[in-house]
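In what follows, every chain begins at residue 1, and chains take the letters A, B, ... in the order their sequences are listed. Note that this is a predicted model, so its numbers are computed, not measured.
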4 protein chains.
Amino acid sequence: MQGGSILTLSENKIRKKKEEIILSAVKIMNEKGYQRATMEEIAAELQMTKGSLYYYFKNKEDLIFQCHELVLEQAIGELREVFHNCISNEAILRQMIAVHIKYAVLEKESFNMIIKPDETFSTDQLHPILKKRNEYASWFDRVIIAGIDCGEFSIKESKMARMLLLGSLNWIQQWYKKDGENSLLELQNIYSDYLLKVMK
Amino acid sequence: MQGGSILTLSENKIRKKKEEIILSAVKIMNEKGYQRATMEEIAAELQMTKGSLYYYFKNKEDLIFQCHELVLEQAIGELREVFHNCISNEAILRQMIAVHIKYAVLEKESFNMIIKPDETFSTDQLHPILKKRNEYASWFDRVIIAGIDCGEFSIKESKMARMLLLGSLNWIQQWYKKDGENSLLELQNIYSDYLLKVMK
Amino acid sequence: MQGGSILTLSENKIRKKKEEIILSAVKIMNEKGYQRATMEEIAAELQMTKGSLYYYFKNKEDLIFQCHELVLEQAIGELREVFHNCISNEAILRQMIAVHIKYAVLEKESFNMIIKPDETFSTDQLHPILKKRNEYASWFDRVIIAGIDCGEFSIKESKMARMLLLGSLNWIQQWYKKDGENSLLELQNIYSDYLLKVMK
Amino acid sequence: MQGGSILTLSENKIRKKKEEIILSAVKIMNEKGYQRATMEEIAAELQMTKGSLYYYFKNKEDLIFQCHELVLEQAIGELREVFHNCISNEAILRQMIAVHIKYAVLEKESFNMIIKPDETFSTDQLHPILKKRNEYASWFDRVIIAGIDCGEFSIKESKMARMLLLGSLNWIQQWYKKDGENSLLELQNIYSDYLLKVMK
DNA sequence: GATGAATGAGGGTTCATTCAT
DNA sequence: AATGAATGAACCCTCATTCAT
């Protein structure tokens, strides 16, 4: 039923290809930034030609949009899991911080789109992006509020605390270097420690 | 004396014009991002033509570079003053946070440029930019280290604390709205409170 | 075999187009000079648009470069043939002069480019151009030296004699008119006579 | 009478300035070629500003035109002198060759305009240029014809011989290097020897 | 006479996008 | 489903030219 018809088969094939392209795009963008990543390069990475991309995506913006969606979806998935698998709110928040840092550093550019979507997207696509971005942020809100409610956290302004938290994390990608002094793990721990001092 | 003043007059005129252009550039760039801001638009904003800009700036990169310099220089000036006029390190840091927020919010456009210089500048100009950026940051480092030394602050990783601090502040411009719930003053106070919890 | 021919087909097609463009470029350039020939005009001549040229050539310099190469290659081919098919060095030199005059007059535009490569090319491409130009000239050197060795010619400075010879021939295109008093054949004969007086 | 009035005085001043500019222009052009020589550079050489040039010359073409005139006038002057001061036609021709080589090498670019005036000048100015160029060439014609008439030279086609001669000389500037193997004097002698073999 | 400043036309180049095959 | 080829709009930059002062 689910995968029976021929149509679905070819649809599956297309979806596969789309994902491949998105991954390639994400890679190139992480190297060069979105504006400088050209359709040509993205295609070349997959040994395709420029024109072929337009079979799968309406235009460049659409492609970037879907890159963003994919990455954000994944990240949200991880947040959700963390949320349901940890016990204390502190533990959850620590895990979430770790997840965010991981994405901010490793998926730098595609994650970056969260930061300044209005420079990247036209009005049409801006809305769903912002929605997803809010969904992502809301997981942080949840823990913080839960923490406040059960007395684990003492801050008053949950929204602003979340802003502070995410802001400080986003910034990491501006300076973090893979071969630098600190490992990703150290980073995750230190930031967790510091940011929990804010919350408590 | 005579020659001097005449010279200064025309030099002043050119400097004025340069500043005008820089302000225009900064405005456009913040609306559209650096890459998408065109020389034409920047000129049009001032009712000039594209070509005229090249009378004042060698090329686009040079213009962006000087935008950077101007704003950063001003901000550094304010930090310096704060540093020398306050008593406790906590007081200094609070003031510095206030200054940074003010720039990030009110001079949003200009200050923004600090964020991603490496995508904007060629290697030649990247270096002096990073230097100035470091100079700016170093004022924060100084207070933090001084605070640690005299026991006011307890954090271990001064550099990372500074990163966290500046990152969280930079992010403010992503969401802050003049007519929003919080006044600038409230913002400055809350962020100071929260970030000092990190330091102590 | 199948793959080979298909490949060759499309390769051939692209080579054809490239040649078309080169011919167009060569025509425009000889009307206006290299600097004043614009990519737009070159394209317009073929009812293409500027941008399309960049599908075939990296940039203007590359296009000019290949113009050079193509014509020079052909001419070298003819010299080589002459060299191997004639008996006396005098006969060879006469034939070579005829070839050179033919190119200078009939393929005026293309051949012209040999004249001032150093104002046209950047250092990178200058070298291979000069090399090919030298290769062309070296065929003349060979006959002259051979002629000297076997006593047919009596001049001392073979290099300078070659310069004089080629210089005088190149100049022909400055004044020669198809419908003028002298036929091409007369021209070839008279110049041969005169220049051989130099050699003997 | 000649230089009495104030008007003439200032006219003289203007003429002086014009010559200065022309010399500067000639210098820059000899370094960069005419197309690449900018009004700015020419002015800078004289510590003037671009705009001032337009007080003295209608436009760039006019300036180039007058450069050309000046140099050609000088060269013609030298030819005239040679013509009247030498005894045998051979001696005259040798001297003329020396003069031409000197200009072709030392005043490379300004002399060069003789070579391809149609690329440099619009129809308006082309005519007087060609006229002067013919005047220049006619001095060579005269000696050659005189030489034929008195039996010194044996060639039949005086025009073509002159073309051959000037062509070979013009070409020198394509390859001659100041610090090369041959001094200017050697060059003048060798070319004279070779070209007189043609005439005789 | 000279200059500073501005202009505008044009050139080279890039690149997302289209479309016939 | 993919490609090769072409397009055209947009961008940066240069430079001869102008003109008020």
Measure the shortest side-chain to side-chain distance between Y55(D) and I14(D) over non-hydrogen atoms and say whether it is less than 4.5 angstrom. yes

Have a look at Y56(B) and say if it touches a base, only the backbone sugar-phosphate, or nothing, with a 4.0 Å heavy-atom cut-off. sugar-phosphate

For dG8(E), give the paired nucleotide (Watson-Crick: N1-N3 plus N6-O4 or O6-N4; G-U: N1-O2 and O6-N3; both under 3.5 Å), or none. dC15(F)

Sub-4.5 Å side-chain heavy-atom contact between F65(A) and E69(A): yes

Nearest-nucleotide wise, let me know which of Q47(C) and E40(B) is further upstream toward the 5' end of DNA chain F. Q47(C)

Please give, in whole Å, the distance from dT13(E) C1' to M39(B) CE? 17 Å

Does a salt bridge link R36(B) with E31(B), judged by any charged N lying under 4.0 Å from a carboxylate O? no

Spacing between R36(C) atom CZ and dC15(F) atom C1', to the nearest angstrom: 13 Å

DNA chain F nearest-nucleotide lookup for Y54(D) and K50(C): closer to the 5′ end is K50(C)

N/O (side chain, T38(A)) to phosphate O (OP1/OP2, dC15(E)) under 4.0 Å: no

Rounded distance in Å - CG (L53(B)) to P (dC11(F)): 14 Å

Quick one: is dA6(F) close enough that its OP1 or OP2 comes under 4.0 Å of any side-chain N or O from Y55(C)? no

Mind checking A37(C) for me? I need base, sugar-phosphate or nothing, with any heavy atom below 4.0 Å counting as a touch. sugar-phosphate

Rounded to whole angstrom units, what separation is found between the CD atom of E20(C) and the C1' atom of dA5(F)? 13 Å

Between dC15(F) atom P and Q35(C) atom CD, what is the distance in whole Å? 11 Å

With a 4.5 Å limit on heavy-atom distance, are the side chains of L126(D) and L130(D) in contact? yes

Using a strict cut-off of less than 4.0 Å between a Lys/Arg side-chain nitrogen and an Asp/Glu carboxylate oxygen, indicate whether K132(A) and E73(A) qualify as a salt bridge. yes

Given that both distances must come in under 3.5 Å, which nucleotide forms a Watson-Crick or G-U wobble pair with dT21(F)? dA2(E)

For dA6(F), does OP1 or OP2 lie under 4.0 Å from any side-chain N or O of K17(C)? yes

Rounded to whole Å, OH of Y34(C) lies from P of dG11(E) at a distance of 19 Å

Which of dT17(E), dG12(E), dA6(F) is nearest the side chain of K60(A)? It is dT17(E)

Measure NZ/K13(C) against C1'/dG4(F) and give the value in whole Å, please. 8 Å

What is the distance, rounded to the nearest whole Å, between atom NZ of K32(D) and atom P of dT14(F)? 12 Å

Is there a side-chain contact between S52(D) and the phosphate of dT3(E), meaning an N or O under 4.0 Å from OP1 or OP2? yes

Heavy-atom neighbours of K27(A) NZ exceed 12 at 6.0 Å: no

Select from T49(D) and E61(A) the residue whose nearest nucleotide in DNA chain E is closer to the 5' end of that strand. T49(D)

Starting from the 5' end of DNA chain E, give me the residue, M48(B) or K58(C), whose nearest nucleotide shows up first. M48(B)

